Protein chains: 2
Amino acid sequence: MSEVAANHTPKYLVVRDYLATRIEKGEFKSGDKLPSERELQESFDVARVTIRDALLALQTEGLIYRLDRRGWFVTPKRIIYNPRSTESFMQYVTAQGRVPKSELISAELIEASEWAAERLNIAVGGPVYSIWRKRFVDGRMVFIEHVRVNAALFPDFLDKPLTDSLTEIMYKHYGVELVRVNINLYPASLGAFQARHLLVTPGTLGLYIGRNSYDQFGRVTNVDQEYWVHDALEISLEAHKDESALMSSIFKTNE
Amino acid sequence: MSEVAANHTPKYLVVRDYLATRIEKGEFKSGDKLPSERELQESFDVARVTIRDALLALQTEGLIYRLDRRGWFVTPKRIIYNPRSTESFMQYVTAQGRVPKSELISAELIEASEWAAERLNIAVGGPVYSIWRKRFVDGRMVFIEHVRVNAALFPDFLDKPLTDSLTEIMYKHYGVELVRVNINLYPASLGAFQARHLLVTPGTLGLYIGRNSYDQFGRVTNVDQEYWVHDALEISLEAHKDESALMSSIFKTNE
DNA sequence: GAGTGGTCTAGACCACTTC
DNA sequence: AAGTGGTCTAGACCACTCC
C-alpha cells in the first residue's frame, strides 16, 4: 500500500457520506422524507443504481428507513427495551417520552398447530387464541406481533380490550400472574405478511423476538412473536453473577 | 385484487427461492461456496444485478453470507448466547458442540478517550489497556471485540495470555471478581476496520453488543464492544418477575 | 493469468402512491 | 395524470483472490 492512498472512495459512499452528514447536522430531521431517488440522481450526476446503493447502506446503518413505494425517511431514535422488565409496550414507550399506539389486526379462536401446541404445552388441535397486533411509536409502525394464548385458561378472552396489555387482562380478569418469561431474539428478514402490514418491502431486515410466558403455576399462558423493524429497538439489560442459580432456588423452574 | 393473482413473482425472488430450497434440502451445506455470480447469471439467463438482488435477500435472511471478493457461502447454525450467563465465549461455544478460537489483534496501553473515561469512571487521559480480539466458531470469523480495561486496577495485564478469558485472568491474578454487567445490543452495520478484519464488505449488517463490567467493589473493570456478523448469534434469556427488585436488595447497585 | 466480486452506466417498463 | 420506487437489461472496468 503506497503512502498516497490509491483507493478513491466509491461514488455510492460519497453520496452516503453527504446524506449522513446532513442527517447528523439535523438538516434532515427525524421522520423527514429524503429527496426522491431521481432528484438525488440528478444532483450527483450518477446512475440511479448508485443512489440506491447509498440509500441501502444508510438503511443498514439504521440512519434511514424505507416505506414501500413511498420513499426514504430519517430514522427516529431507538426505543430501549429491557427484556427482564415486565413493563408492557405501552409503559416502556411512554416512560421514554414517546407516544405508543396499538392496533388490533385480527383475533380468533383456532386449533393449535404443532408449533404452537409444543410451546403452549397443549395437544395439537387444542383451543388457541391467535391474535395479531400492530404497534406504533410516535406514529411510526415499529413491529407486528403474533400472540397465541392457551384458550383453555382464559374463557371469553376475545371479548376483552385486546389492544391493552394482555398480561394485565390475564391478571385482572383471571387471577393469572406472569412470573417468568423465556426470550430469544435475533436479526431476521421480514416476510410478506409482516412487510405488508409494516408498509416495508418484503425481505427488509427486521428483529425477531420470541417470548414464552409462564404463570404462577408454571403453565405456559401464551407464546408471542414480535417482528420489529431493525432500527427501532435497542436491547438493554443488567445481569448479576450467580443470580440465575439464586433465582432457580427461589422459584421452581421446570426445565 | 382479482381472483387470479395479477402479481407474478419477480425474477430475483425466483432465484432466491431456488437457492433457498437447495440450501434447505442440504444440497448446499453449511459453509459451502455457492456458484459464482456469473455462473448463476447464465443458469437463470438474467442480468447480474438480478442475481445480486437474490443473493442480498438471502444474506438478509441469514441463509448465506459473503466474504469480501471471495464469494457467497451457506451460513452455519447460529450460536446461542445468554447475556445473563457469566460463561466466556470459549465456554458457551464449546458447550454447544462447536469449536471456538480466539486471536489477538492488538493490545496496548493508551490514554482514556472521553468515551472510555466516562464509562470506566476514570479521568480522561488515564491509563487504559486497549485490546482488540478476533473470534471464530468452527473456523468462521464471527466477531471482533474491543476491550478497554481500567489499567490502574491491573498492573502488568498485557503480559497475561490475552486470548484467554479476561474475566478469569482478573479473578485468578488480581482477585477481582465480575459481579455485574450492563449489556446493550442492537443491529448495526460494520465499519471499515471491523469489516476488514471479518473479511466482509464494509457496511455489511452486524450485531453490536456493548458491555460494562463491574467488580465486587462496584468498580468498572472494563468496557467491551463486540461487532458480530448478524447471522451468527441468537440471544436467549430467561427472566422472572420482580427479580430485578430482589437482586437490588441483595447486591447494592450504584445507579 | 484467469476468474471473481465491487462498482457503475444509461437506459427501460411496471405497479403503485399521491395529487 | 404525474411522479415514485421496484425491478430489470446488457453491458463495462477495476481491484482483488486464487491457482
Side-chain angles (χ1 to χ4, degrees), chain A residues 1-2 4-17 19 32-60 64-73 141 189-190 192 195-204, chain B residues 1-2 4-17 19 32-60 64-73 141 189-190 192 195-204:
Chain A
M1 192 72 64
S2 68
V4 177
N7 300 334
H8 61 84
T9 309
K11 288 190 185 179
Y12 81 96
L13 286 183
V14 173
V15 177
R16 187 225 81 98
D17 291 349
L19 292 173
D32 282 1
K33 187 176 185 310
L34 296 187
S36 78
E37 297 181 3
R38 282 172 180 83
E39 281 180 64
L40 292 169
Q41 178 184 354
E42 283 182 26
S43 308
F44 289 96
D45 191 30
V46 296
R48 201 172 134 218
V49 171
T50 305
I51 294 294
R52 298 209 109 217
D53 283 348
L55 294 170
L56 290 169
L58 287 164
Q59 179 184 41
T60 300
I64 65 176
Y65 67 96
R66 175 166 55 158
L67 291 185
D68 197 53
R69 291 171 197 279
R70 287 164 180 83
W72 298 89
F73 303 83
M141 282 168 277
S189 79
L190 299 168
R196 191 165 59 250
H197 275 286
L198 296 171
L199 294 187
V200 302
T201 312
T204 298
Chain B
M1 195 70 63
S2 67
V4 176
N7 300 332
H8 62 84
T9 309
K11 289 189 185 179
Y12 81 96
L13 286 182
V14 174
V15 178
R16 186 225 83 96
D17 292 347
L19 292 172
D32 281 0
K33 187 175 186 308
L34 296 187
S36 77
E37 297 181 4
R38 282 173 180 82
E39 281 179 64
L40 292 170
Q41 179 185 352
E42 284 182 25
S43 308
F44 290 94
D45 191 31
V46 296
R48 201 171 134 219
V49 171
T50 305
I51 295 294
R52 299 210 108 217
D53 283 347
L55 294 171
L56 289 169
L58 288 165
Q59 179 185 41
T60 300
I64 65 175
Y65 66 95
R66 174 165 56 157
L67 291 184
D68 197 53
R69 291 170 196 282
R70 286 164 181 83
W72 298 88
F73 303 84
M141 281 169 277
S189 79
L190 298 167
R196 190 164 59 250
H197 275 285
L198 295 170
L199 294 186
V200 302
T201 312
T204 298

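Every value quoted in this text rests on a predicted model; they were computed, and no experiment measured them. Order of the sequence lines fixes the chain letters, A, B, ..., with proteins taken first and strands second; residue numbering starts at 1 for each chain.
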Next on the checklist: Run the side-chain contact (heavy atoms from CB on, under 4.5 Å) test against B:Glu42 and tell me which residues pass, sequence neighbours left out.
Outcome noted: none
Checklist entry - Residues in side-chain contact (heavy atoms from CB on, under 4.5 Å) with B:Leu13, at least two apart? => result B:Thr9, B:Pro10, B:Arg16
Integer-rounded Å distance: [N] [atom2] and [X] [atom1]:
X: A:Phe44; N: C:dA10; atom1: CZ; atom2: P; answer: 17 Å
X: A:Phe73; N: D:dG5; atom1: CZ; atom2: P; answer: 9 Å
X: B:Lys11; N: D:dT9; atom1: NZ; atom2: C1'; answer: 8 Å
X: A:Tyr12; N: C:dT9; atom1: OH; atom2: C1'; answer: 17 Å
X: A:Asp68; N: C:dC16; atom1: CG; atom2: P; answer: 10 Å
X: B:Gln59; N: C:dG5; atom1: CD; atom2: P; answer: 13 Å
X: A:Arg48; N: D:dG5; atom1: CZ; atom2: C1'; answer: 6 Å
X: A:Glu42; N: C:dA10; atom1: CD; atom2: C1'; answer: 13 Å

Checklist entry - Is there a side-chain polar atom (N or O) of B:Thr201 under 4.0 Å from OP1 or OP2 of C:dG5? => result no
Item to check | From D:dC8, C:dG5, C:dT17, nucleotide with atom closest to B:Arg69 side chain | outcome: C:dG5
Item to check | Partners passing salt bridge (charged side-chain N to carboxylate O under 4.0 Å, His left out) against B:Arg38 (at least two apart in sequence or in another chain) | outcome: none
Checklist entry - With A:Arg66, which residues qualify under salt bridge (charged side-chain N to carboxylate O under 4.0 Å, His left out), at least two apart? => result none
Checklist entry - When the nearest nucleotide of DNA chain D is assigned to A:Arg70 and to B:Val46 on a heavy-atom basis, which residue is associated with the more 5' position? => result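 Residue closer to the 5' terminus by nearest nucleotide: A:Arg70.
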Item to check | Residue list, side chain to side chain donor-acceptor pair (under 3.5 Å) with B:Arg48, at least two apart or on another chain | outcome: B:Glu37
Checklist entry - Taking DNA chain D as the partner, which of residues 32-41 of chain B come within under 4.0 angstrom of it by heavy atom? => result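 Contacts with DNA chain D under 4.0 Å: B:Arg38.
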Item to check | Audit row: A:Thr204, A:Gln59, side chain to side chain contact (heavy atoms under 4.5 Å, CB included) steps and yes/no | outcome: CA-CA 10 Å; A:Thr204 298; A:Gln59 179 184 41; 4.0 Å; yes
Checklist entry - With no hydrogens and no angle check, is any side-chain donor or acceptor of A:Ser36 less than 3.5 Å from a backbone partner on A:Glu39? => result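 Yes; at least one donor-acceptor contact below 3.5 Å.
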